[in-house]
Amino acid sequence: MSNILSVVFVCLIALVFGTIQPANADIAFKDKTVSAGLTNFLYGGYGSSWVDYNSDGWLDVWISNHMYRPNLYINNGNGTFSDKPIQSWLGIPSWQGIPFIDAHGGAWADFDNDGDQDFALLAGVLAGTVERDKPFYVNSGGILIDEAATRGLNDTFGRGRTPLWLDWNNDGLLDLYMANFRRPNDAFGPTRLMLQQSNGNFVELPEMIQDLKSFFAQLAYFDSAVHLVVSGGPYPKKVFQVGNPVSLPIFLEPAMDVTDVEDVAVADFDGDLSDDLLVLRLQSGLSSWVLNSNTHREIIVDAHDLSKIAKGSLNFSFEGPSRLVIRVYDNTYWTPEMIHVGASNSTPAQYAYEVINARQWKLIELTLDATDPAVHGILSKVLRTTPGIYIGWKPDTGKWQIEIYGTLDFRAKFVSADAEFANVTSDGREFWTKVIGHAPLMLSRRDGKFYVTDLGLGEAITCTSIAAGDFDNDMDIDAYLSCGAGLRNKPNILLENIDGAFVQVPNAGGASTQKLGTGGRVSVADYDNDGYLDLLVTDGGEHEFPFHFGRRYLLHNMGGGNHWLKINLRGCQSNRDGIGARVIVQAGGRQQARLKAGGIHNGVQDDRRLHFGLGQNIVAESVTVEWPSGERSNRTNLAADQTHIIRENSNCPRP
């Protein structure tokens, strides 16, 4: 009774004095990674997917780890997580005896409407060089059983990137959009839409088979309907009204090519109750190098397609060490015979093995000593015409000279045995190509066009992943960017939405993270159920071994004085998760809209509970749910600071 009276009192106050405004609140985060138990260090993170796996009301998280065994962390409800043992996954795929590698994005959903969450995971096929079934884990009493092959979701040839659950034909059964990257030498494994049949198996929809360079697809609400927006090449590559396989014409105003898209946040950023697309762009450089900042005894090189680099080669020299160890990791293409030492053209390199994080990697290794006359000089320029590594000691200058020539990718470390590197220089030809940052863009939909707005944040932003949410609960949507530049990590960026404009928060409110490792992906979730959205950054994964490592950051939102509301949907005629439903909340006379879209962006699945900041309002005057079935649910005077379950049908026989 006291709760009801307080709600009535607040409503009366709002009527007398007008709309209750949000309180000004700083956004502040604190790193809780170690205390939470997410301590696995320097993995290729790639992405994460949040879920209440065991239906205990606390969010758990899957971390893909790209080339290593994934983790499923169970939330203990006290701010800590426990790594669920691999025995809980039956039929976990393996390759050459190694638990699943090349894992990319995953998406949880209750595909069979039985009350627990199942999991679709996409993965690469080593750049199209192997065949590998993709897993589809059906949750059976807390055990994940791979049923991909029997249900038609194994997609052996696909260079999988990120899956998306949606109900394409509005039959109450979730379908799966499998976003695949184009294979280099054939058209096998295209991006496709898999329709769920009444028996729980899936068949592809022929009209939606597309040979695209696609990393992800998302659901968005505009033009008074739910749409499927597909990435790939110019963005958006394809736009469909859900249920209609005829793609819409794409007009951008002003007309421009939106390319090099890394990630997109879909949300109503301007408060007009229609979704906008906040587009993050980044053009990778042709080559990167970094001098190890801890010891200055390593030079790390990561070159992508040497044929595109000026004159087809990397040329550099350095002083310092008399003994030098070369480790070449991309041995898919490079062999020991391709290393040419000194003017005498000796090739003493050989294969070796390195164990990192319980995985054994094959590499090419060579140790050189400047006191050995055989390493003096370098092969004549007229003979340096085939792909290879040409290296030699120049006694007259006291430098090592190196040329890496060819048409192939190249990844290696040059390690000093006894001295720091000094005077690392190029001979004038292209060596260091910086990652090119682009200004983030906002695409807003009106009158059948996407209107493009430059946010005014500058061209130098080089970020790889974006998370959106009302981090300060002040009734508008903010954004957080995970950043990097080639092999160098960069401080992450927090953009606070103030009166419809983004303002960069100093030090990202404590969430700028360290510079160790390479930039990665970020997901958003209220893991401790305090009503304030937290962040999980999984750095690493964008580069190949051994340069793809990064650490994890669980960034706890320290909260403030504003209130919040969470909505969990339970569909009946519609799919049980309510994917495709739209929720409109009114508080203090102000409306906010959210689409239950599955939380998907590039390689990531966010917390799927619909979160609304309420400012200083302690009641939501009305909550309206527009279900995919066409049904509408209306609730009034919902108390703030709670998670409310709204059912499409209170008499639904579903669990």
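In what follows, residues are counted from 1 in the order of the sequence shown. For clarity, every value in this text was computed on a predicted model and none was experimentally measured.
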Item to complete: Please determine if Arg445 and Asp223 form a salt bridge, counting it only when a charged side-chain N lies under 4.0 Å from a carboxylate O.
Response: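 Looking at Asp223 together with Arg445, the answer is yes, because their closest N to O distance falls below 4.0 Å.
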
Validation row: [X], [Y] side chains within 4.5 angstrom (heavy atoms):
| X | Y | answer |
| --- | --- | --- |
| Arg582 | Arg594 | no |
| Trp62 | Tyr73 | no |
| Asp478 | Ile27 | yes |

Rounded to the nearest 0.5 Å, what separates atom [atom1] in [X] from atom [atom2] in [Y]?
| X | Y | atom1 | atom2 | answer |
| --- | --- | --- | --- | --- |
| Asp526 | Asp606 | CG | CG | 12.5 Å |
| Leu536 | Asp607 | CG | CG | 12.0 Å |
| Arg281 | Thr259 | CZ | OG1 | 6.5 Å |
| Leu610 | Asn568 | CG | CG | 8.0 Å |

Practice prompt. Taking the six-membered ring for Trp and the single ring otherwise, decide whether the centroids of Phe215 and Phe181 are under 6.0 Å apart.
Written response: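 Yes, the ring of Phe215 comes within the 6.0 Å limit of the ring of Phe181, centre to centre.
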
Worksheet item: Mind checking whether Phe119 and Tyr53 have ring centres under 6.0 Å apart?
Response: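 Judged by ring-centre distance (under 6.0 Å), Phe119 and Tyr53 do not meet the cut-off.
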
Please determine whether the number of non-hydrogen atoms from other residues, nucleotides or ligands lying under 6.0 Å from atom [atom1] of [X] exceeds 12.
| X | atom1 | value |
| --- | --- | --- |
| Phe188 | CZ | no |
| Asn634 | CG | yes |
| Arg654 | CZ | yes |
| Asp499 | CG | no |

Worksheet item: Centre of Tyr451's six-membered ring, under 6.0 Å away, within 45 degrees of the axis: is that where NZ or CZ of Arg446 sits?
Response: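 Yes; both conditions hold, so Arg446 lies above the ring face of Tyr451.
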
Fill in: Donor-acceptor side-chain pairing of Glu648 and Ser629 below 3.5 angstrom
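The criterion, which ignores hydrogens and geometry beyond distance, is satisfied for Ser629 and Glu648.
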
Discussion item. When you compare the side chains of Asp155 and Asn180, does any donor N or O come within less than 3.5 Å of an acceptor on the partner?
Written reply: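 Looking only at side-chain atoms, Asn180 and Asp155 do form a donor-acceptor pair, the distance falling under 3.5 Å.
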
Item to complete: Would you confirm whether Thr464, through its side chain, and Gly520, through its main-chain N or O, come within 3.5 Å as a donor-acceptor pair?
Response: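 Checked: pair present.
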
Worksheet item: Which of these passes ring pair (Phe, Tyr, Trp, His ring centres under 6.0 Å) with Phe450: Phe222, Tyr235, Phe251?
Response: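 Only match with Phe450 under ring pair (Phe, Tyr, Trp, His ring centres under 6.0 Å): Phe222.
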
Worksheet item: Can you say whether the rings of His66 and Tyr46 are parallel (under 30°), tilted (30 to 60°) or perpendicular (over 60°)?
Response: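 Tilted.
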
Item to complete: Check the pair Phe612, Trp564 against ring pair (Phe, Tyr, Trp, His ring centres under 6.0 Å), reporting the backbone distance first and the verdict last.
Response: CA-CA 6 Å; Phe612 297 83; Trp564 53 273; over 10 Å; no

Item to complete: Start with the C-alpha gap between His611 and Asn473, add the side-chain angles, then the distance that decides, and say whether side-chain contact (heavy atoms from CB on, under 4.5 Å) holds.
Response: CA-CA 9 Å; His611 171 270; Asn473 288 340; 2.9 Å; yes

